[in-house]
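Worksheet for the structure shown next.
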Amino acid sequence: MHDENDNDLVTQRRQQLHAMRATVPAFPNNFKRDALAADLQAKYEGKTKEALEQTPVMVAIAGRMMTRRIMGKAAFAHIQDMSGQIQIYVRRDDLPEGHYNSGFKKWDIGDIVGVTGTVMKTNKGELSIHAATIVLLTKSLQPLPEKFHGLTDQEMCYRQRYVDLIMNEQTRKTFKIRSAIIDFIRSYLSNEHYMEVETPMLHTIPGGATARPFTTHHNSLDMDIYLRIAPELYLKRLLVGGMEKVFEINRSFRNEGLSPRHNPEFTMLEFYQAYADYEDMMNLTEDMLRKMTWSLFETNTITYQGACYDLARPFARMTVVESILKFNDTISATDLQSLDKTRAFAKQLNIPLEDAYGLGKIQIEIFEKTVETKLLAPTFITHYPTEVSPLARKNDDDPFVTDRFEFFIGGREIANGFSELNDSEDQAARFRQQVEAKKTGDVEAMYFDEDYITALEYGMPPTAGEGIGIDRLVMFLTDSATIRDVILFPHLRNK
RNA sequence: GGGCCGUUAGCUCAGCCGGUAGAGCAGUGGAUUUUUAAUCCAUUGGUCGGGCGUUCGAAUCGCCCACGGCCCA
């Protein structure tokens with residue numbers, strides 16, 4: 001930010017900084033801390049004021065000054081570091097000459113300081129550091145939001161996440177949990193002997209999902225390329241190569257609208273396991289989520305947006321058709337076998353239909369409209385129509401559907417998995433259907449990926465795979481209403 | 001895409017039957033050696049999101065636009 005944009009508060013602070021530059025190194029980097037606020041709280045909270053006075057403990061802490069109360073020749077302030085906050089007690093006569101009046105008293109809330117001193121307790125019982133020295137490590141030029149209400153403007157929280165993180169404990173907590181979730185996934189899969197891999201984000205043929213890609217251009221090759229919409233087809237090439245258990249925690253990109261559940265870039269876990277089927281994936285998912293919640297919260301009961309979810313109980317399982325019947329009294333199982341009757345029912349629900357839609361696609365439209373948001377308790381929905389599952393293996397008993405499931409919790413899709421289609425001839429036929437759909441105007445339909453077919457022709461073992469939406473999972477486990485609350489820098493329009 | 005709500009000091013918010021903009025916190029000056037939303041006295045600070053219109057006069061009424069939020073598709 002330039003001087004001409006400064007308000008009075010910034011101008012004052014800039015003047016202080018300029019005055020400081022003239023006398024001392026303004027941004028020193030030689031202060032070594034040896035303690036974190038939360039560790040000190042944990043270690044010394046139980047000690048009495050007297051005990052701490054009898055055996056003084058010297059520590060060095062550093063962090064941002066969040067509050068300050070000056071009472072003449074003594075003052076209190078709170079210092080915030082990555083672990084939490086701790087109070088400091090600063091007395092003029094206990095500091096080197098000049099440090100109090102010409103230093104500390106002139107600094108501002110928001111400044112980053114280093115403090116050495118002894119651990120003490122105040123008369124009111126708050127653990128504090130009695131400062132022996134205090135140095136300014138970084139001058140903050142921008143004033144922080146008000147101490148009591150903090151930053152509440154959601155737009156500002158997203159646009160200036162750094163301020164949100166400084167001010168809001170809940171935001172810090174959400175992203176700590178996000179990190180812990182990803183940690184847990186890595187260790188869980190690693191423990192199951194999965195190998196973490198990295199596949200391209202720049203794709204010459206976007207594939208692995210039905211979605212519109214972002215397009216960009218490679219200058220020296222003079223070719224259009226796409227940001228990946230999913231890593232699936234590359235991961236399955238690795239299965240052909242003999243990597244029998246792989247996973248990738250991937251950023252994928254889809255060129256679609258923004259919503260409380262959609263960000264144009266999002267994080268997915270995809271994992272694949274040879275000699276497994278979709279039921280193995282469901283079992284793994286159930287086990288992993290149960291252990292995850294226990295590992296994170298030491299409970300399997302999760303509160304999300306006021307509702308309670310028990311992940312200890314077995315997750316429900318039902319087919320797409322069963323779920324439609326459960327939530328729609330006015331259509332029968334036989335009707336759902338009939339294209340005409342199902343189409344009429346969808347029209348009754350005001351679902352816009354294309355002529356090209358077959359029975360399976362219409363069933364899924366009905367499912368999304370009437371079932372999805374009602375799947376609150378953890379539920380696997382299985383037997384997705386082959387028409388809408390171009391990469392999934394057909395069911396042996398009923399080729400109209402595939403060996404596929406999606407997982408729902410809180411009315412929201414979290415995961416999608418299936419027994420993989422490893423019949424190269426069937427896959428080629430499915431791709432051709434997708435290309436036809438694209439010709440008739442389906443912008444989300446897939447391209448024909450010849451190299452992927454070639455890979456399958458070398459032989460991919462029977463395999464099952466799954467994708468889990470990490471952002472949505474984090475939303476659920478952090479009680480966040482929107483995806484923007486679980487992405488550090490969510491996409492917003494330019495102001 | 002449609003509907004509703006919001007945008008006023010650095011932050012959190014009043015003001016909205018039109019009559020020259022206010023509080024708290026932060027800041028500034030002063031008092032204060034155990035405070036914790038510290039306290040006490042004094043005080044600075046605003047293109048009222050942007051534009052156009054109505055009017056003698058618009059933060060306030062109307063229209064358009066931008067950004068955000070919620071709901072619906």
Side-chain angles (χ1 to χ4, degrees), chain A residues 1 4-16 37 41 49-50 52-53 64-80 84-95 99-101 104-111 117-131 139-164 166-169 256-263 305 346-347 349-353 365 368-370 372-373 411 480-485 490-495:
Chain A
M1 186 162 291
E4 58 265 28
N5 293 329
D6 289 353
N7 60 45
D8 291 351
L9 298 176
V10 176
T11 304
Q12 283 166 12
R13 289 176 174 217
R14 204 179 287 282
Q15 283 164 358
Q16 290 171 29
Q41 303 281 10
K49 182 171 158 62
E50 292 71 27
L52 289 168
E53 279 164 4
R64 193 181 295 274
M65 186 158 65
M66 298 302 292
T67 63
R68 196 171 58 148
R69 298 170 290 283
I70 293 179
M71 301 158 302
K73 300 185 183 69
F76 289 93
H78 276 101
I79 304 299
Q80 176 172 291
Q85 292 194 354
I86 192 162
Q87 181 170 260
I88 60 170
Y89 177 48
V90 186
R91 223 158 45 168
R92 186 194 69 179
D93 296 344
D94 297 336
L95 291 180
H99 281 212
Y100 189 74
N101 286 319
F104 176 77
K105 274 180 88 171
K106 292 190 186 302
W107 301 340
D108 293 292
I109 288 170
D111 288 350
T118 50
V119 181
M120 63 169 274
K121 263 199 178 169
T122 63
N123 292 341
K124 299 281 171 60
E126 177 164 353
L127 193 76
S128 305
I129 305 302
H130 187 156
K139 183 69 199 164
S140 170
L141 297 176
Q142 296 285 345
L144 288 180
E146 191 233 332
K147 63 188 167 194
F148 186 60
H149 298 92
L151 186 68
T152 62
D153 184 304
Q154 283 192 63
E155 184 176 356
M156 294 304 288
C157 288
Y158 300 144
R159 288 191 194 276
Q160 293 187 280
R161 183 69 89 185
Y162 38 92
V163 181
D164 182 31
I166 292 169
M167 297 306 299
N168 293 319
E169 168 69 22
E256 54 198 18
L258 303 162
S259 90
R261 287 162 293 283
H262 298 87
N263 196 62
Q305 305 290 291
K347 281 196 172 155
L349 293 168
N350 291 318
I351 295 172
L353 298 176
E365 294 286 326
E368 286 175 359
K369 170 117 183 181
T370 63
E372 191 165 327
T373 58
S480 299
T482 97
I483 198 168
R484 289 179 167 179
D485 290 336
H491 188 78
L492 299 179
R493 288 173 206 273
N494 286 331
K495 280 208 98 164

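Naming: A, B, ... by sequence-line order, numbering from 1 per chain.
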Query raised in the report: According to the Watson-Crick and G-U wobble definitions, with both distances under 3.5 Å, which nucleotide is paired to rU43(B)?
Result: rG27(B)
Query - Any donor-acceptor N/O pair, Arg484(A) side chain to Gln154(A) backbone, under 3.5 Å - result: no
Query raised in the report: Do other residues, nucleotides or ligands put more than 12 heavy atoms under 6.0 Å from the NZ atom of Lys49(A)?
Result: yes
**Report entry** Euclidean distance, atom CD of residue Glu256(A) to atom C1' of rG1(B) [Å, nearest integer]
**Finding:** 16 Å
Query raised in the report: Does Arg69(A) make a side-chain N or O approach to OP1 or OP2 of rU35(B) shorter than 4.0 Å?
Result: no
Query raised in the report: Between Met71(A) (CE) and rA38(B) (P), how many Å, whole number?
Result: 11 Å
Query raised in the report: What interatomic distance, in whole Å, is found between P of rU60(B) and the corresponding atom of rC64(B)?
Result: 16 Å
Report task. Could you tell me whether Gln12(A) contacts a base, only the sugar-phosphate backbone, or nothing, with contacts defined as non-hydrogen atoms closer than 4.0 Å? Result -> sugar-phosphate
Report task. Nearest whole angstrom, please: distance from the P of rC70(B) to the CD1 of Ile483(A). Result -> 13 Å
Query raised in the report: Looking for any heavy atom pair under 4.0 Å, which part of the strands does Asp153(A) touch: base, sugar-phosphate only, or nothing?
Result: sugar-phosphate
Requested in this report: Would you tell me whether Glu53(A) and His130(A) have side-chain atoms, one donor and one acceptor, within less than 3.5 Å of each other?
Outcome: no
Query - C1'-based separation of rA58(B) from rC16(B) [nearest Å] - result: 11 Å
Query - Test applied, side-chain contact (heavy atoms from CB on, under 4.5 Å); reference residue, His78(A); option that passes from Gln87(A), Arg64(A), Arg68(A) - result: Gln87(A)
Query - Atom pair distance, as rounded to whole Å: CG in Asp108(A) and P in rC11(B) - result: 16 Å
Requested in this report: Ignoring the backbone of Glu155(A), work out which of rU36(B), rG68(B), rU33(B) is nearest its side chain.
Outcome: rG68(B)
**Report entry** Under-4.0 Å side-chain N/O to phosphate OP1/OP2 contact, Lys147(A) with rA26(B)
**Finding:** yes
**Report entry** Separation of atom CD1 in Ile109(A) from atom C1' in rC25(B), rounded to whole Å
**Finding:** 9 Å
Report task. Sticking with atom C1', work out how far rG46(B) lies from rC13(B), rounded to a whole angstrom. Result -> 15 Å
**Report entry** His149(A) side chain, from C-beta outward: closest of rG69(B), rC70(B), rU12(B)
**Finding:** rU12(B)
Query raised in the report: Of the candidate nucleotides rU28(B), rU33(B), rG69(B), which contains the atom at the shortest distance from the side chain of Arg91(A)?
Result: rU33(B)
Report task. Name the pairing partner of rC16(B), where a pair is Watson-Crick or G-U wobble with both distances under 3.5 Å, or state none. Result -> none
Query raised in the report: Distance between the C1' atoms of rC67(B) and rG50(B), in whole angstroms?
Result: 11 Å
Query - Touch class at under 4.0 angstrom, heavy-atom based, for Thr67(A) against every strand present - result: nothing
Query - Geometric class of the Tyr100(A)/Phe104(A) ring pair [parallel <30°, tilted 30-60°, perpendicular >60°] - result: parallel
Report task. Specify the separation, in whole Å, of atom CZ of Arg68(A) and atom C1' of rU34(B). Result -> 17 Å
Report task. Provide the Watson-Crick or G-U wobble partner of rC52(B), both distances under 3.5 Å; none if there is no partner. Result -> rG62(B)
**Report entry** Inter-residue atom distance His262(A).NE2 - Thr482(A).OG1, 0.5 Å rounding
**Finding:** 12.5 Å
Requested in this report: If a pair satisfies salt bridge (charged side-chain N to carboxylate O under 4.0 Å, His left out) and one of its residues is in residues 139-153 of chain A, list it, with sequence neighbours excluded.
Outcome: Asp108(A)-Lys139(A), Asp111(A)-Lys139(A)
Requested in this report: Please tell me which of Phe76(A) and Leu144(A) maps to the more 5' nucleotide of RNA chain B, matching each residue to the nucleotide holding its nearest heavy atom.
Outcome: Leu144(A)
Query - rU32(B) OP1/OP2 closer than 4.0 Å to side-chain N/O of Lys73(A) - result: no
Report summary line: The Watson-Crick or G-U wobble partner of rC4(B), with both key distances under 3.5 Å, is rG69(B)
Query - Side-chain N or O of Thr122(A) closer than 4.0 Å to phosphate OP1/OP2 of rU35(B) - result: no
**Report entry** rU44(B) and rG30(B), which share atom name C1', separated by this distance in whole Å
**Finding:** 15 Å
**Report entry** Rounded distance in Å - CD1 (Ile70(A)) to P (rU34(B))
**Finding:** 14 Å
Requested in this report: Starting from P on rC11(B), measure out to CD on Glu146(A) and report it in whole angstrom.
Outcome: 11 Å
Query raised in the report: Under 4.0 angstrom, heavy atoms only, what part of the nucleic acid is Met120(A) near: base, sugar-phosphate, or nothing?
Result: base
**Report entry** Base-pairing mate for rU32(B) - Watson-Crick or G-U, with both contacts under 3.5 Å
**Finding:** none
Query raised in the report: Across the strands shown, which category fits Asp8(A) at heavy-atom distances under 4.0 angstrom: base, sugar-phosphate, nothing?
Result: sugar-phosphate
**Report entry** rG15(B) to rG6(B) separation - C1' atoms, rounded to the nearest Å
**Finding:** 16 Å
Requested in this report: Determine whether Leu52(A) and Leu127(A) make a side-chain contact, defined as any pair of heavy atoms from C-beta on separated by less than 4.5 Å.
Outcome: yes
Query raised in the report: P atom, rA9(B) versus rC72(B): distance in rounded Å?
Result: 32 Å
Requested in this report: Hey, which sits more toward the 5' end of RNA chain B by its nearest nucleotide, Lys121(A) or Pro145(A)?
Outcome: Pro145(A)
Query - Whole-angstrom distance between rU54(B) and rG62(B), as gauged at atom C1' - result: 7 Å
Query raised in the report: Would one find a side-chain N or O of Arg493(A) under 4.0 angstrom from OP1 or OP2 of rG68(B)?
Result: yes
Query raised in the report: OP1 or OP2 of rG45(B) less than 4.0 angstrom from a side-chain nitrogen or oxygen of Thr11(A), does that happen here?
Result: no
